[in-house]
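Read the structure below first, then the notes.
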Amino acid sequence: MLLFLYNILDDHKYYIYNICDHQECYKETTAQAVSYTTGVPAMIGSKLVYNGTWDLRGAVNVEEFDSTPFVNEMMTQGLPWKVMEMDIE
C-alpha cells in the first residue's frame, strides 16, 4: 500500500505506506506476502461493510468512505503503516 498526499496549505508531501516481509509472512501464514497484502485489505473492507461502519447503499466509490476505521484495522491485522513527511521543493 502506498498513498501520496500533497498539502498545499503547509507545503509538505506525505507518503503513507506499509511493508510486509515475505519471509516473515510465509513463516506465519505459509502464504506469500503479496497474497496477504491483497487479501487482508479486502477482508477489512468486507468487515466494515458487514458491521455497518461503511454503508453501501447507493452508488459510492471506496474513496468516499471514512478511511480511519480501515487504516486502524490494518494496524491490528498485521499490516502496520507508516507516514513519511517531506518538504516540497
Side-chain angles (χ1 to χ4, degrees):
M1 175 183 87
L2 174 67
L3 299 172
F4 168 72
L5 305 170
Y6 170 67
N7 187 340
I8 59 172
L9 298 177
D10 67 3
D11 289 331
H12 285 80
K13 293 179 186 176
Y14 300 93
Y15 290 94
I16 303 171
Y17 66 97
N18 81 317
I19 298 173
C20 188
D21 183 279
H22 286 277
Q23 289 179 333
E24 291 299 317
C25 183
Y26 191 80
K27 279 189 226 174
E28 182 181 334
T29 65
T30 65
Q32 295 178 359
V34 69
S35 302
Y36 196 77
T37 59
T38 301
V40 170
M43 176 276 300
I44 293 170
S46 298
K47 178 181 176 180
L48 295 174
V49 170
Y50 178 78
N51 69 19
T53 302
W54 285 354
D55 184 1
L56 289 181
R57 287 181 288 197
V60 293
N61 293 318
V62 70
E63 293 86 4
E64 295 177 66
F65 295 126
D66 179 10
S67 62
T68 302
F70 182 84
V71 294
N72 288 344
E73 187 71 20
M74 284 189 60
M75 292 294 252
T76 66
Q77 296 295 335
L79 291 177
W81 48 272
K82 299 176 183 179
V83 177
M84 182 171 47
E85 182 179 345
M86 303 169 65
D87 290 331
I88 298 172
E89 298 176 17

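Along the sequence shown, the residues carry numbers beginning at 1.
If you take SG on Cys20 and CD on Glu28, they are separated by 8.5 Å, rounding to the nearest 0.5 Å. Annotation: the span from Thr53 atom OG1 to Phe70 atom CZ amounts to 12.5 Å, rounded to 0.5 Å. Here the NZ-CD1 distance, from Lys82 to Ile16, works out to 14.0 Å after rounding to the nearest 0.5 Å.
Looking at every heavy atom in both residues, Val60 comes nearest to Phe65 through CG2-CZ, 3.6 Å. Scanning all heavy atoms of the two residues, the minimum distance from Cys25 to Tyr36 falls at SG-CB, 3.5 Å.
Both Val83 and Leu79 are assigned to one and the same hydrophobic cluster, defined by single-linkage of ILVMFWY side chains at heavy-atom distances under 4.5 Å. Residue Leu56 is grouped with residue Met43 when hydrophobic side chains (ILVMFWY) are merged at heavy-atom distances under 4.5 angstrom, including chains of intermediate members. Both Val62 and Val49 belong to a common hydrophobic cluster when Ile, Leu, Val, Met, Phe, Trp and Tyr are linked at side-chain heavy-atom distances under 4.5 angstrom.
A search for side-chain hydrogen bond (donor to acceptor under 3.5 Å, both in side chains) contacts involving Glu24 returns Lys27, not counting sequence neighbours.
More than 12 non-hydrogen atoms from other residues, nucleotides or ligands lie less than 6.0 angstrom from CD of Gln77.
Remark: the backbone N or O of Val34 is paired with a side-chain donor or acceptor of Thr37 at under 3.5 angstrom. With hydrogens and angles ignored, the 3.5 Å screen pairs a side-chain donor or acceptor of Trp81 with a backbone N or O of Val71.
The salt bridge (charged side-chain N to carboxylate O under 4.0 Å, His left out) pairs that include a residue from residues 60-70 number zero, where partners must be two or more places apart or lie in different chains.
Looking at heavy atoms from C-beta onward, His22 lies out of side-chain contact with Tyr26 at the 4.5 angstrom threshold.
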- Go through the steps to decide whether Glu73 and Thr76 satisfy the test side chain to side chain contact (heavy atoms under 4.5 Å, CB included), and finish with yes or no. CA-CA 5 Å; Glu73 187 71 20; Thr76 66; 3.7 Å; yes
